[in-house]
Each structure stands twice: as structure tokens, then as C-alpha cells.
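All values below were derived from every heavy atom in this structure, side-chain atoms included, with hydrogens, water molecules and symmetry-related copies excluded.
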Amino acid sequence: MKPYSLNIRGRLVEFDRPAIMGIVNITPDSFYSGSRVMDPADIAARARAMVSAGADMLDIGACSTRPGSPSATEAEEMERLGMALPVIRQAVGPDVIISVDTFRASVARRCVAEWGADIINDISGGAIDPDMFATVAELRVPYILMHMRGTPATMQSMTDYTDVTADVIAELSRPLARLEKLGVCDVIVDPGFGFAKTLDQNYELMRNLPALEIFGRPLLVGISRKSMLTRLLGIDASEALPATCVLNAFALERGAAILRVHDVAEARQTVEIYSHLSI
């Protein structure tokens with residue numbers, strides 16, 4: 001990966017090695033049950049543990065986006081985040097970067113303006129809520145632009161690609177150009193593993209990950225315990241930590257700048273070993 005920086009509320013944070021983003025799901029139905037926390041004390045403990053284990057960022061989700069899942073309502077998502085974000089901020093302090101995983105502009109606005117979020121992580125790449133890009137531009141926060149087609153409920157029926165890598169690049173190029181026109185400077189690109197892609201397409205895209213360096217943006221890879229691992233190996237998400245570490249190492253070799261993971265300590269070890277080999 002190439003070194004990069006992010007403007008976090010006027011503070012320039014520089015990264016000269018891959019970063020770890022820990023996943024905290026404030027949901028009762030995310031695909032990996034081990035990621036779910038709903039009680040404020042448990043949320044605080046999970047956040048502190050992840051930072052202690054080496055997380056550079058925390059990604060907070062309050063609306064499950066697993067394949068085929070119905071979305072939580074806006075009110076449900078807002079209520080969960082309004083409870084969790086102040087708890088997390090108090091638990092980890094002011095300097096830990098907090099991302100919010102939401103596709104709703106109204107939720108993004110409150111999370112940044114009222115509850116101290118630093119980054120917006122939008123699985124839909126601005127496609128679900130047409131107000132998202134203007135909102136992020138106004139808030140002046142970094143934005144994670146992910147590739148997906150359709151919605152979580154429909155995406156796995158939308159996997160007809162001519163060339164998955166070329167098509168993903170083309171489909172990310174258009175929203176990226178819109179963001180740049182609006183003055184959004186800090187954009188992180190996520191190819192969207194597991195979202196509107198078959199098993200084989202996920203692996204083809206991973207092999208071709210260096211092609212996404214054409215954007216000149218940090219690349220986020222989120223494959224932690226996903227079905228591209230469990231389906232291939234015939235295992236459950238609870239058994240997929242070793243496979244996650246293997247594929248994360250491959251992603252680092254292919255240029256990943258941020259690993260989004262459930263298991264921070266293991267991801268940190270993966271980055272440490274990879275970084276030592278790369279000296």
C-alpha cells in the first residue's frame with residue numbers, strides 16, 4: 001500500500017502501514033453472531049478491547065446488511081446509534097477514529113453532528129439515498145465508497161458481469177467523480193466483497209485487487225468471516241477466523257490499506273508479520 005492521510009475533524013491522521021478497522025454491530029441479526037452487542041456496558045467493553053488489541057478505527061453498524069436481510073427502520077437505526085456512539089466515544093476517548101456504517105444521509109448527519117462520528121461507511125455507494133453525497137460533502141468527513149448493486153435484499157440476484165473487475169471499476173468511477181465534484185477529498189474505496197458477487201467473482205476480484213489502485217485512493221477490504229470463506233470451505237462463520245487471516249494476508253499483498261475485521265488481535269498480528277516481511 002501507499003502511505004495515505006485522512007482529515008479527521010481538522011486533524012490530519014497519517015497512515016504509513018495498513019490500518020485495522022474493528023467491527024462493532026449494534027444489531028440483533030448481523031450474519032456473525034459474535035459481532036453483536038446491544039447492552040451499553042458490553043458495547044463499551046467491546047470497543048475498549050478492540051482498541052487495546054490494536055484497532056486504528058472502529059466501524060459501528062446498527063442496520064444489518066447481510067445478503068437477503070430486511071433493513072432496520074430509520075428510527076431503529078437512529079435509536080441504536082444514539083445510544084451506542086456516546087458510550088463508545090466515552091470508552092475509547094477523543095482520538096480513536098469512529099466510522100458509522102449507514103446508507104442513510106439523515107443518520108449520517110446526526111452521527112457526525114451530534115454523536116461524534118468521524119467517517120461515513122456507505123455500503124450502497126450513494127445509490128440508496130440520493131442525499132448522501134451532498135450530506136457528506138457538507139459534513140466534510142471521509143467517506144467509504146463501496147461497490148454494491150441493488151439492496152441487501154436483492155443484491156445476490158444482480159451478479160451478471162461481463163468482467164467483474166472492470167465492471168466494478170467502471171461502476172465505482174461514476175460516484176467517485178460525483179464526490180470529487182462536490183469537494184469530498186477523503187474517499188476510501190471498498191470493492192464490496194460479498195455484495196452482489198458470486199463466490200468465484202469474489203475471488204477473481206481479490207486476485208485483481210491491484211487494478212483498483214487506478215483510483216489513487218486507499219483500498220478497504222472487508223472479508224472477515226464472510227460467505228466467500230465459509231461456502232468455499234464448508235464451515236460456519238464461527239469457524240472462519242483462520243481463513244480470514246489467510247485472505248487478509250493476501251489482500252495486504254495485493255495493496256489493501258485498511259482491513260475491516262471482527263477479530264482485531266489476529267488482524268494486527270497479520271499486519272505486523274506482513275509489514276516485517278515487506279521491510
Specify the closest pair of heavy atoms between [X] and [Y], including all atoms of both residues, with the distance to one decimal.
{"X": "A62", "Y": "A72", "answer": "O-CB, 4.2 Å"}
{"X": "M21", "Y": "I144", "answer": "CE-CD1, 3.8 Å"}
{"X": "L220", "Y": "P191", "answer": "O-CD, 3.3 Å"}
{"X": "S173", "Y": "I169", "answer": "OG-O, 2.7 Å"}
{"X": "E77", "Y": "D101", "answer": "OE2-O, 3.9 Å"}
{"X": "F103", "Y": "M132", "answer": "C-CE, 3.5 Å"}

Trace of the side-chain contact (heavy atoms from CB on, under 4.5 Å) decision for L209 with V221: CA-CA 9 Å; L209 191 63; V221 167; 3.8 Å; yes
List for me each residue that meets side-chain contact (heavy atoms from CB on, under 4.5 Å) alongside V271, sequence neighbours excluded, and say none if there are none. R17, P18, I20, L252, L259, R268, S275
Looking at residues at least two apart in the chain, or sitting in another chain, which of them share a side-chain contact (heavy atoms from CB on, under 4.5 Å) with R178? F133
For the backbone of [Y] and the side chain of [X], can you confirm whether one donor and one acceptor N or O come within less than 3.5 Å of each other?
{"X": "R89", "Y": "G93", "answer": "yes"}
{"X": "K181", "Y": "L179", "answer": "no"}
{"X": "N202", "Y": "G194", "answer": "yes"}

More than 12 non-hydrogen atoms from neighbouring residues, nucleotides or ligands closer than 6.0 Å to CD on E79, yes or no? no
Can you tell whether the side chains of E239 and R225 come within less than 4.0 Å, N to carboxylate O? no
Charged N to carboxylate O below 4.0 Å: is that the case for R254 and E213? no
With I97 as reference, evaluate V13, L58, D56 under the side-chain contact (heavy atoms from CB on, under 4.5 Å) test and give the passing residue. V13
Do R149 and Y161 form a cation-pi contact, if we require the NZ or CZ to be under 6.0 Å from the six-membered ring centre and within 45 degrees of the ring's axis? yes
Atom pairs and distances, side-chain donor-acceptor, residues 134-141, under 3.5 Å, sequence neighbours left out:
| from | atom 1 | to | atom 2 | distance (Å) |
| --- | --- | --- | --- | --- |
| T135 | OG1 | D131 | O | 2.7 |
| E138 | OE1 | R109 | NH2 | 3.0 |
| E138 | OE2 | R109 | NH1 | 3.2 |

With no hydrogens and no angle check, do the side chains of [X] and [Y] hold a donor and an acceptor under 3.5 Å apart?
{"X": "T154", "Y": "S157", "value": "no"}
{"X": "S106", "Y": "E74", "value": "yes"}
{"X": "D59", "Y": "N121", "value": "yes"}

Would you kindly confirm whether M206 and V246 end up in one hydrophobic cluster when ILVMFWY residues are joined by side chain heavy atoms under 4.5 Å apart? no
Run the side-chain contact (heavy atoms from CB on, under 4.5 Å) test on M57 and I98 for me, step by step, so that the C-alpha distance in whole Å, both residues' side-chain angles and the decisive distance to 0.1 Å come before the verdict. CA-CA 6 Å; M57 314 171 185; I98 294 178; over 6 Å; no
